[in-house]
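One-based numbering along the sequence shown. Owing to the predicted nature of the structure, the values given are computational and were not obtained by experimental measurement. Side chains included, hydrogens not; waters and symmetry mates left out as well; all remaining heavy atoms used.
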Amino acid sequence: MGRDKATLPYDGAPGSPTLVERVVSVISARCQPVFVIAAPGQALPDLDAVVLRDEIRGVGPLLATGRGLRAAAEAGREYAFVCAVDMPALTTEVIDLLADPAQRLSADVVLPWDGRTHYLAGIYRTSLHGVITELLQAGHRSMRALAQAVETQRIVLPEQPALANVNTPTDLEAVQPPRLA
């Protein structure tokens, strides 16, 4: 996108909610507390969430996921929904579809699969922060490494906009709400 995705306006209009505000609003309808992991010095709008800062910039989502899972575990949660900020079409229905199997199957990770695995749109057992620390110490940096190291269930879903990441201005336009004339 050529810039920080978190602060992009969701519908492209100045003053509209940003991508991070949109995603936090969806997640907070199902999950409390909500943690946002931000880069050191990253500017964010005021959020109804606890903002935690990465210690190191550019290490990738595995370190940030470990930080968030540790915070959720300290808050007394057994599971947490983990997602990327660039999923503005995310719905509470996706969270609900994954949460039930996580509890019922007692899986460490439950991920949606719609032709590809969505590592940053899944339910994770919060105690996995320890496994993540071990993976990072061994030189692993990918979410795939975590999913391969623990019991992971994939839930097959039809391809849907709720799981789409926005990586280009065209992607963002495709998930924007219709504008009133």
Side-chain angles (χ1 to χ4, degrees), residues 1 3-54 60-104 107-112 114 117-129 132 143 146 153 155 157 160-167 171-172 174-179:
M1 296 291 280
R3 61 164 286 189
D4 173 31
K5 291 182 191 180
T7 57
L8 282 172
Y10 169 49
D11 69 4
S16 70
T18 62
L19 292 186
V20 69
E21 290 169 314
R22 166 77 179 131
V23 171
V24 165
S25 73
V26 171
I27 293 171
S28 63
R30 292 294 189 267
C31 307
Q32 286 296 326
V34 174
F35 298 98
V36 172
I37 312 301
Q42 180 181 13
L44 292 173
D46 287 332
L47 298 170
D48 188 19
V50 177
V51 177
L52 303 173
R53 300 284 174 177
D54 275 339
L62 187 61
L63 178 64
T65 298
R67 179 115 193 230
L69 292 178
R70 183 174 54 246
E74 290 170 356
R77 302 302 186 263
E78 183 179 0
Y79 289 96
F81 179 72
V82 173
C83 82
V85 72
D86 64 352
M87 297 179 66
L90 180 68
T91 64
T92 56
E93 290 78 16
V94 169
I95 298 169
D96 294 342
L97 283 169
L98 301 173
D100 178 59
Q103 292 289 333
R104 193 169 25 82
D108 294 319
V109 178
V110 177
L111 301 172
D114 66 351
T117 301
H118 295 272
Y119 296 102
L120 291 176
I123 303 286
Y124 289 77
R125 188 178 300 276
T126 60
S127 61
L128 293 176
H129 65 85
I132 290 172
M143 296 296 289
L146 174 60
Q153 296 290 322
I155 305 299
L157 301 174
Q160 54 192 286
L163 294 173
N165 300 92
V166 295
N167 294 307
D171 292 344
L172 183 56
V175 297
Q176 290 177 353
R179 292 194 180 158

### Task
Would you check, one step at a time, whether the test side chain to side chain contact (heavy atoms under 4.5 Å, CB included) holds for Tyr124 with Leu146?
CA-CA 10 Å; Tyr124 289 77; Leu146 174 60; 3.7 Å; yes
Distance col, row Met143:CE vs Leu120:CG, nearest 0.5 angstrom, shows 5.0 Å
Heavy atoms of other groups near Asp96 CG, more than 12 under 6.0 Å: yes
*asked:* What I'd like to find out is whether the side chain of Thr126 reaches to under 4.5 Å of the side chain of Glu74, using heavy atoms alone.
replied: no
In terms of heavy-atom contacts, Leu47 and Val51 come closest through CD1-CG2, 4.2 Å
- Message: Using a 3.5 Å distance criterion without hydrogens, assess whether the side chain of Lys5 forms a donor-acceptor pair with backbone atoms of Leu19.
- Response: no
Heavy-atom closest pair (Phe35 atom, Gly68 atom, distance to 0.1 Å) is CD1-O, 4.4 Å
More than 12 heavy atoms of other residues, nucleotides or ligands under 6.0 Å from CG of Asp100: yes or no? yes
Smallest heavy-atom separation, Ala107 atom then Gln153 atom, equals CB-CG, 3.6 Å
With a 4.5 Å cut-off on side-chain heavy atoms, are Val20 and Pro45 touching? yes
Margin query: So does Pro88 get a backbone contact from the side chain of Arg22, meaning a donor-acceptor N/O pair under 3.5 Å?
Written below: yes
Smallest heavy-atom separation, Ile123 atom then Ala99 atom, equals CG1-N, 3.9 Å
From the list Ile155, Thr117, Val82, side-chain contact (heavy atoms from CB on, under 4.5 Å) partner of Leu111 resolves to Thr117
To the nearest 0.5 Å, atom OG1 of Thr18 lies from atom CG of Leu44 at 8.0 Å
Closest non-hydrogen atoms of Leu157 and Pro112, given as atom of the first, atom of the second and distance, are CD1-CB, 3.7 Å
Between Leu90 and Cys83 the two heavy atoms that sit nearest each other are CD2-SG, 4.0 Å
Sorted by chain and residue number, the side-chain hydrogen bond (donor to acceptor under 3.5 Å, both in side chains) partners of Arg125 (sequence neighbours excluded) come out as Glu78, Tyr79, Ser106, Asp108
(message) Less than 4.5 Å apart, side chain to side chain, heavy atoms only: is that true for Met87 and Val94?
(response) no
Q.
If you define the side chain from C-beta out and look only at heavy atoms, does anything of Asn167 sit under 4.5 Å from Asp86?
A. yes
Check: Do any N or O atoms from the side chain of Arg30 and from the backbone of Thr91 form a donor-acceptor pair under 3.5 angstrom?
Finding: no
In this structure, CD of Gln32 is separated from CD1 of Ile27 (nearest 0.5 Å) by 10.5 Å
